[in-house]
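Below you'll find the structure, written out as structure tokens, and then a few comments.
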There are 2 protein chains.
Amino acid sequence: MASSGKKKATIYDLSVLSGSSPSTVSAVLNGTWQKRRIKESTAELIRNLAETHQYTANRQARGLRSSRSGLIGLLLPIHDNRYFSSMAQTFEAHVRSKGQCPIVVSASRDPEEERKTAETLISYSIDELFICGATDPDGVHEVCEAAGLKHINIDLPGTRVPSVISDNYEGGRMLTEAIIRRFEGDRPLLPDELYLFGGRNDHASRERIRGFRAVKNELLGADPDECIQPTGYAPNNARLAFEAFYERNGRLPRGLFVNSSINFEGLLRFMAGHPHENFADLVVGCYDYDPFASFLPFPVIMIRQDVEGMITKAFEVIEEARPQARIHLIQPELVQPRTALTGPLDALRDIE
Amino acid sequence: MASSGKKKATIYDLSVLSGSSPSTVSAVLNGTWQKRRIKESTAELIRNLAETHQYTANRQARGLRSSRSGLIGLLLPIHDNRYFSSMAQTFEAHVRSKGQCPIVVSASRDPEEERKTAETLISYSIDELFICGATDPDGVHEVCEAAGLKHINIDLPGTRVPSVISDNYEGGRMLTEAIIRRFEGDRPLLPDELYLFGGRNDHASRERIRGFRAVKNELLGADPDECIQPTGYAPNNARLAFEAFYERNGRLPRGLFVNSSINFEGLLRFMAGHPHENFADLVVGCYDYDPFASFLPFPVIMIRQDVEGMITKAFEVIEEARPQARIHLIQPELVQPRTALTGPLDALRDIE
DNA sequence: AGTTCTTGCACCATCGATTGTGCAAACAAG
DNA sequence: CTTGTTTGCACAATCGATGGTGCAAGAACT
């Protein structure tokens, strides 16, 4: 408790202590000293002083001067979800490995909030912005463009800058087919026994629905419109949709394509409200992977999106000199029921 | 991406455009203009100019001058977990409502990384730091103290500043008791049939273990040492521990107290490796809540920590003039199997 | 010895906003 | 008409780091 009011040391403090000028101190400590022909012994002296006085550069000052901050932003819809939080986890690791500082912020899928959040990040002079799952990527683009900020879309595409997204059509196909196959041999699934719940009118949902319908047509020979129920993403809206279906039909569809793990939570809520149903004949396909969901009492087939692949690709593309505003598709992976996959956490060592 | 060359407007630009001095522009735009007796019409003019030129203040410059940044940091162990990501979600909402900018960073439970991350955040002149689940809170404290930065511990306590944590002893007791009661009427549980897996030598684990042992003694009359298996937090280490137990005993214990949802993932991995076991007689208590885990095929009793309560309390305490370095306990909640609770996401409106 | 390099650093403007201080002009009071 | 008082704003220093430029002292060379 020695140094309560102690201010952080600056290059000026070290300048006085070392007898050199502030610019010399600065050069030594930011690595440009050789270019400035500072003597090794001078550098050594200053480095030692910096060490003993626990000097760290004030990044606001540095950022102000150089108009770069060392911050790289990730704009998420929400944190509280395995898909997006693993996005955050993976993003962090990449940014750290570049020696920069990640800053992860969520904007609740609200276009207005997305733009305002981007504005805020820009006012901190972030160096790059990764726009993940934005409801209005092009709106955010405008803001970034006006500030001359490099940016890229992930998960949901925009039209003005490159986008790295899951191949949702292919994923939708894989998942739909896996659900249907699950009933083979058994009493085969009929077209009106396979429903899709959740999602809204965004690119990802549209593509998944397209895949869903295509496969239904190919394998079941029909694809009734009423089997598509885009309830939005809120768990409770999904719950209400299940509730309504149950009310009308006295049961759930045998095959369920659930658009996201968030919507899946709506299914859980529905189930909690019907404790005596055992949902024996149910097969769920969920477009998102969650290890616990994979072990539920009914077969749950899941799609794991390749978060690592998307982030890696996004970093590649954003570094390009003049990136095209095209869409890069990353293949997702089908996960059979009762599968426990490893994730970004497994890269961490566990300290005992 | 696009650096269209357009620079952001500064107070100097607006100063020229409005014919006022930069300081006047600054005062108008940061709200101190009345104190400076700026004419309403002047203010109006400048406000309009700011609007049409999309002015936003450069926060690095402001922060440099005022040595405050408007950033409030949250240091997490990891993102990729429902407990911590809901911490991030809740934290964000609180910070936003104070008109500041949240910055959430993870440090992988590594004491060295925790300190370095804190250093980095400090170099951006963050205004406050919430240290959540840190392996070495007092180490981070040193760093903050040296920089004169307000900070507080959450989830895992330190000794130098206030800490807001779950009542892990009580939670451990509740969970243990609930597991034991689950077997009542049935063939009652024996002391060596109830094991605790996961966690390590941190305050939370110790308290939970203390509660676990106390209740076992009270209700089962004994509390053998070998029933405590602190495997650390890594899922794979937990898996290995389950594997080893299974190897020795040909089955799992009937009652399992799993220290965290991360450790629970280790149990899933074990189960994935033993597809023919049905684990009929198993009751799991997990110290963490996850909606999907709650609906697994065997009874899963969970503890939900009161994240909202902890964050709220932490904000209260950190605002205090001279906060005592004491521990504030927040009561967690027992969640019966097959329960779908709402979370921070439900506060968001869903846009269609 | 005089000239030209090279070495090693100091000086100073600059990034954009904040804030204490000063000072004219307008106005009021005597 | 003189002396205060208030109004409305401009000036300039400052936060800490960066990087272009300049310049003295020593080395090298003729």
Side-chain angles (χ1 to χ4, degrees), chain A residues 7-47 49-50 53-71 122-127 147-148, chain B residues 7-47 49-50 53-71 122-127 147-148:
Chain A
K7 305 282 293 182
K8 299 226 65 176
T10 71
I11 53 170
Y12 298 94
D13 302 329
L14 298 185
S15 149
V16 172
L17 291 168
S18 69
S20 312
S21 75
S23 57
T24 299
V25 175
S26 170
V28 168
L29 296 175
N30 72 21
T32 60
W33 59 285
Q34 326 231 29
K35 206 165 60 194
R36 285 181 161 274
R37 297 187 312 232
I38 310 290
K39 229 193 307 180
E40 170 60 42
S41 64
T42 309
E44 182 65 19
L45 168 65
I46 291 175
R47 267 187 254 118
L49 281 172
H53 291 267
Q54 310 220 60
Y55 170 84
T56 46
N58 180 321
R59 308 234 190 178
Q60 304 216 59
R62 171 183 297 173
L64 175 58
R65 182 58 231 258
S66 55
S67 70
R68 307 186 67 256
S69 63
L71 295 169
I122 287 168
S123 73
Y124 286 107
S125 307
I126 59 169
D127 299 335
Chain B
K7 306 282 291 183
K8 299 226 63 176
T10 71
I11 53 170
Y12 297 95
D13 302 329
L14 299 185
S15 148
V16 171
L17 291 168
S18 68
S20 312
S21 76
S23 56
T24 298
V25 175
S26 170
V28 167
L29 296 175
N30 70 22
T32 60
W33 58 285
Q34 326 232 30
K35 208 164 60 195
R36 285 181 163 274
R37 297 186 312 232
I38 310 290
K39 230 193 307 180
E40 172 59 42
S41 64
T42 310
E44 183 63 18
L45 168 66
I46 291 175
R47 265 186 255 117
L49 280 172
H53 291 267
Q54 311 219 59
Y55 171 84
T56 45
N58 179 323
R59 308 234 190 176
Q60 304 215 57
R62 171 183 295 173
L64 176 57
R65 182 56 231 258
S66 56
S67 69
R68 307 186 67 255
S69 63
L71 296 169
I122 287 169
S123 73
Y124 286 107
S125 307
I126 60 170
D127 299 336

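The chains referred to below are lettered A, B, ... by the order of the sequence lines, with proteins before strands, and numbering in each begins at 1.
With DNA chain C read from its 5' end, the first of the two nearest nucleotides for Lys39(A) and Arg62(B) is the one closest to Lys39(A). Nearest-nucleotide mapping onto DNA chain D: of Ser66(A) and Arg37(B), the residue sitting toward the 5' end is Arg37(B). Nearest-nucleotide positions on DNA chain D place Ser21(B) closer to the 5' end than the other of Leu64(B) and Ser21(B).
Using a 4.5 Å heavy-atom threshold, the side chains of Tyr124(A) and Leu71(B) count as touching. Using a 4.5 Å heavy-atom threshold, the side chains of Lys8(A) and Asn58(A) count as separate. Taking the side chain as every heavy atom from C-beta outward, Tyr55(A) and Arg47(A) never approach each other to under 4.5 Å.
For the pair Ser69(A) (side chain) and Ser125(A) (backbone), a donor-acceptor distance under 3.5 Å is present. Proximity of a side-chain donor or acceptor of Thr32(A) to a complementary backbone N or O of Lys35(A) within less than 3.5 Å is not detected.
Judged by distance alone, with hydrogens and angles left aside, Arg65(A) brings a side-chain donor or acceptor within reach of the base of dT14(C), the pair sitting under 3.5 Å. Arg36(A) contributes a side-chain N or O that forms a donor-acceptor pair with the base of dG20(D) under 3.5 Å. Looking at Ser67(B), its side chain has no donor and acceptor atom pair within 3.5 Å of the base of dC15(D). The base of dC9(D) is not paired with the side chain of Ser20(B) by any donor and acceptor separated by under 3.5 Å.
Remark: P of dT18(C) and CD1 of Ile11(B) are 7 Å apart, rounded to the nearest angstrom. Whole-Å rounding puts the Glu44(A) CD to dC9(C) C1' distance at 18 Å. As a whole-Å value, the separation of Lys35(B) NZ from dT6(D) C1' is 19 Å. Between Gln34(A) atom CD and dC9(C) atom P the separation is 13 Å, expressed in whole Å. Rounded to whole angstrom, the span from the CG atom of Asp13(B) across to the P atom of dC15(C) amounts to 11 Å. Rounding to whole angstrom units, CD1 of residue Ile46(B) and P of dT18(C) are separated by 13 Å. Rounded to a whole Å, the CG atom of Asn58(B) is 14 Å from the C1' atom of dG16(D). We find that CD of Gln60(B) is positioned 20 Å from P of dT14(C), with the value rounded to whole Å.
Under the side-chain contact (heavy atoms from CB on, under 4.5 Å) test applied with Leu49(A), the options Leu17(A), Val28(A), Val25(A), Leu29(A) reduce to a single match, Leu17(A).
Between dA17(D) and Asn30(A), no contact under 4.0 Å exists linking OP1 or OP2 to a side-chain N or O. Listed pair Thr42(B) / dC9(D) meets the phosphate criterion, a side-chain N or O lying under 4.0 Å from OP1 or OP2. The shortest distance between the side-chain N/O atoms of Tyr55(B) and the OP1/OP2 oxygens of dA17(C) is below 4.0 Å. For the pair Ser23(B) and dA10(D), the criterion of a side-chain N or O lying under 4.0 Å from OP1 or OP2 is not met.
Of the candidates dG16(C), dA10(D), dA10(C), the closest approach to any side-chain atom of Thr24(A) belongs to dA10(C).
Within 4.0 Å (heavy atoms only), Gly31(B) reaches no atom of the nucleic acid at all.
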